[in-house]
Amino acid sequence: MKKIILVLTLVFAFTLYGCSASDDTFETKNINPYTRDTSSGTRDGFMNGIEFEEAATDNSLLGDNVTVSAGNNEILQSVKTDRYGIGYISLYSVTNEVKPVSFNGVEPSIENVVNESYALTRPFNYITRLDDDYASEIEKNMSEAFVAFMLSSEGADIINDNGAVSVTNNGYWDDLVANHPVCEGDNSHETINFGGSNSVEGIAKDLATAFSSRCGNVQTINNHTGSSDGFKRTQGDEKDGSNRVHIGFASRPFKDAEKVNGEEYYGALAQDAIVIIVNNENPLDALDADTTKKIFQGNYATWEDVLN
Amino acid sequence: MHNKRKIQDNLLKSLTIGAALMTASALFIVFYFVFTSGFSLLSFDLLVSDYKTEQYNTTLDDTIETTMFEEPEGNEAFFSQIYGISLKDAENKDAEAIIVIDYIAPESPFNTLKSINENETVNASEGGVITRISFENTSTALTREGAESMINKLDGGHTIREIIFVEPGGGIRGSIIATLYLIGLTLVMALPLGIFSAIYLNEFAKDTRLTRTIRSFIDTLTGIPSIVYGLMAVSVFIPLTARFNMASGLSIYAGAMTMTVILLPVLIRTTEESLASVPNDYREASLALGANDVQTTFKVVLPNAIAGLLTATFLSIGRIIGESAALIFVMGTAVRDSVYPSQGATTLAVHIWTLMSTEPANVELASTIALIILTIVLILNTTVKLLAKKFDKLGNR
Amino acid sequence: MNVVVKRLVFLSALLSASFIIIVVVFVILSGIKPFISDNEGLGPVSFIGFITRTIWLDGPTFVSNMYGAGYLIANTLYIAFLTLLVSLPLGVLTALFIAKIAGKRTGALLRSIVELLAAIPSIVYGLVGAGLFLPVIYNTALSFGIQTNGGNSTLAAVIVLTFMSIPTLTTISEVAIRNVDLSLEEASLALGTSKTQTHFNVVLPAAKSGIFSAAILAIGRALGEATAISLVAGNALSGPTFSLFNRTATLTTAMLQGMKETTGLDYDIRFSLGIVLIIVILITNFALNMLKKRVGKMHAQ
């Protein structure tokens, strides 16, 4: 009995030792940076924007205190609950639960994306499968119909409503649908798979819901795991695997290796801003590229280095 | 010295009682949490509706005469005089901005909207969520721009092209159907396999090395974590179903095969016990009357072990409903509205996992599903207990 | 006809027995691939490196093969033993209460409660953990000035596992306690010791071996639990985590993490984790069984 109490006390002491107690000022606290993983287009755009391109695909260049998260929402939740956290997410994911900071003197907003004064922007792009790479004729027709829908004015509305800036508008879907007779039948047995960039997931889901209601209630599955998977699962290594996708999205420009099959298979969808966020209680308001880079490199360990 | 003993005794005794109290409270904590988070969403509607969001694309019915409307008393939302509706800004469950209909005048044309695709009438109602309204000669009114802006555009005199409503979905019909499919398919495979194996082991097998090996191999199955079964299923059952053209990739068929393997040891053990509890007199009497051992087993012993078999079945159903790790691998995590056994789907337990592993986690809906699962488990458990009582009485006749 | 039926039941039994072999063989076949094949140009993963490294992946995905499960093994064992530390006393004392102290009615009630706890699916425990305990841990820790990642922590994992282990421990310990020869108890009472003294100095020690078996069973389940812990553990990409309040990861949560995302080496490596998990469970079972025998021998003297 006594032994049990002794052991429990030892364990408790041991584990308490592993955590640090704290005092109350913000400055002395450690910075907790959050980043996306290496397949993320958002990360790619962010690292390029702060002039830290090498770190886009290499975790070892980041500081030890940097946490890797799988998506926009995860970083949002982390920074929302972590007083000393800092991260970056897509403009349209920002809620009032976190605080956006201005970058290089410019506030992140749609206006500043449109007038090109905000520097941390990147494109949303889409990519499709090759013409002869569909499991059936219906799948192919439906994918083509989706692309047409996505680029129509309805698609543009959805993109804009999500806080990105649409760059295409090919007219009303009502006029375009005549080219896609597949949408007149009942398609509830068919499924279209979407994947790729996590930042485009919200837009992709809304596009999918809207498209389904206009094209025979086709079932849609959204499985967004990172921009690099956009190409991989439509035309790349994983295009025939269990995670195969019909339309992939990326939140960065396509690399040469991804454009290899020709222009008819990919295109631009929208422009989006990357916003640096901190916790609502953080006094920080503005950052520039150099300071941000040092934060993510691990050169600044506490908030003191940044706030002064 | 006596007192020290007494203090020590009382301390130990109170620790013991305390421990028992804590254990009992564990059950109440679980039920309390699941109930309070999940009860509000529980409704018949939830059980039968789709999971995915439903979009309604509508236009105004041109044949309706329009008049100007008067703003109702005490209206705090934004009011459209031309269409007689008022809209306000709100937030949905995921803390996203939405525009909600606050009031519709009885003669408002919004009461009889025409659905574009389906040629039917859609009634807008108070509380309904408008996603977008698109116009002929001006930009679309988006949710992002707010209710006031949408009302201004409505009253700006432009022709409306489309009014788009969205119904949030969140129903679990698909998961319920998938769970039922899984239970049915698994029992069809597992019951015969398990019962026959138990019959062999209890009635026909002799105590040879082979029998002992078979027994120990079956017993080892219980020690394996279910996630490892998931891994095995991906490398064995998924290719198997593909080979026989039953499915390609994730499927309920593969899920049923996986659950069969997981249930086998418990099924066999329970069946063996119930067979063993049938008194030998029955067997001897039957043999004495001239029946051979096979007939004896199937016509005399088995019927008398029915209670045990039912127990085994109910236990299996409970286990199937509760399984998550293995099914995540072999049936996938995509929630479906139309369920086919040759495709993947989510059972109720996996649906909870899907809801909890997105960010932000949908704790309310997950709790509602958990409430349903707990109720079923409660019923199954009580039934098994009652059966056990009956079983005992029969056995001790 | 008879012969056909007899053969059928024999084959059923044989098939049932063969599943364990199928499981082991196929998990090993898939799991061994990363260690012996070239992994499409990435080179084989070193087995020793895999079981000792403390970072999940050193370098970019699909480029590096430096996977490490060493810290996962440490975390898994640490959490399992912490759980046992907390749940064993709770379970044994509850069992003692039911078997010896409670009246017939209370005992039956408590026994039903424990049975019900055992029947609750693990995902529901994970849900309660994520929905109820995470905010509680987060807020409590914050009031002491300790920062947690939204409550995701070793502590949360231990609490959830404790809830899940108590039913098993209680049920089996109760059986063990009941099986203790009444004469031992009566003799002790006759000598003048109090009831409580008897319970703790005579009955419990006599039930040691049964309690030990309960512990072994409970640890097996704790080591293998996946979905419940993954909802509360956070997802630590390096470790090991000994602090109660930091995020952690176990072999099972690593297997579940990101299974939607991958093919190739990143996917196959999860099977390798499966092999490691089986080995860890086997070794733990073996070690504990040896310990049990040794304790049994000591006691018999």
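Proteins get letters first, then strands, A, B, ... in listed order; numbering begins at 1 in each. The figures that follow rest on heavy atoms only: side chains count, while hydrogens, waters and symmetry mates do not.
In the displayed structure, A/Lys140 atom NZ is contacted under 6.0 Å by more than 12 heavy atoms of other residues, nucleotides or ligands.
Interface remark: A/Asn72 contributes no atoms to any contact with chain B (heavy atom separation under 4.5 Å). Interface remark: A/Ile75 contributes no atoms to any contact with chain B (heavy atom separation under 4.5 Å). Of the two parts of A/Thr220, neither the backbone nor the side chain holds a non-hydrogen atom closer than 4.5 Å to a non-hydrogen atom of chain B. With a threshold of 4.5 angstrom between heavy atoms, B/Glu162 approaches chain A through side-chain atoms but not through N, CA, C or O. Proximity to chain B involves both the backbone and the side chain of A/Ile158, based on heavy atoms less than 4.5 angstrom apart.
Taking the charged nitrogens against the carboxylate oxygens, B/Arg132 and B/Glu145 have no contact shorter than 4.0 Å, which rules out a salt bridge. Between A/Asp37 and A/Arg43 no salt bridge is recorded (no basic side-chain N to carboxylate O distance below 4.0 Å).
Here OH of B/Tyr56 is found 13.5 Å from CD1 of B/Ile164. Values are rounded to the nearest 0.5 Å.
Of the listed residues (B/Ser134, B/Gly332, B/Ser338, B/Ser139), the greatest number of heavy-atom pairs within a distance under 4.5 Å of chain A belongs to B/Ser338. Here A/Asn162 is the residue among A/Asp206, A/Leu76, A/Asn162 with the most heavy-atom pairs under 4.5 Å with chain B. Of all the listed residues (B/Ile116, B/Leu250, B/Leu142), the one sharing the greatest number of non-hydrogen pairs under 4.5 Å with chain A is B/Leu142.
Residues meeting the salt bridge (charged side-chain N to carboxylate O under 4.0 Å, His left out) test with B/Lys114, sequence neighbours left out: none.
Donor-acceptor pairing under 3.5 Å is recorded for the side chains of A/Thr95 and A/Glu97.
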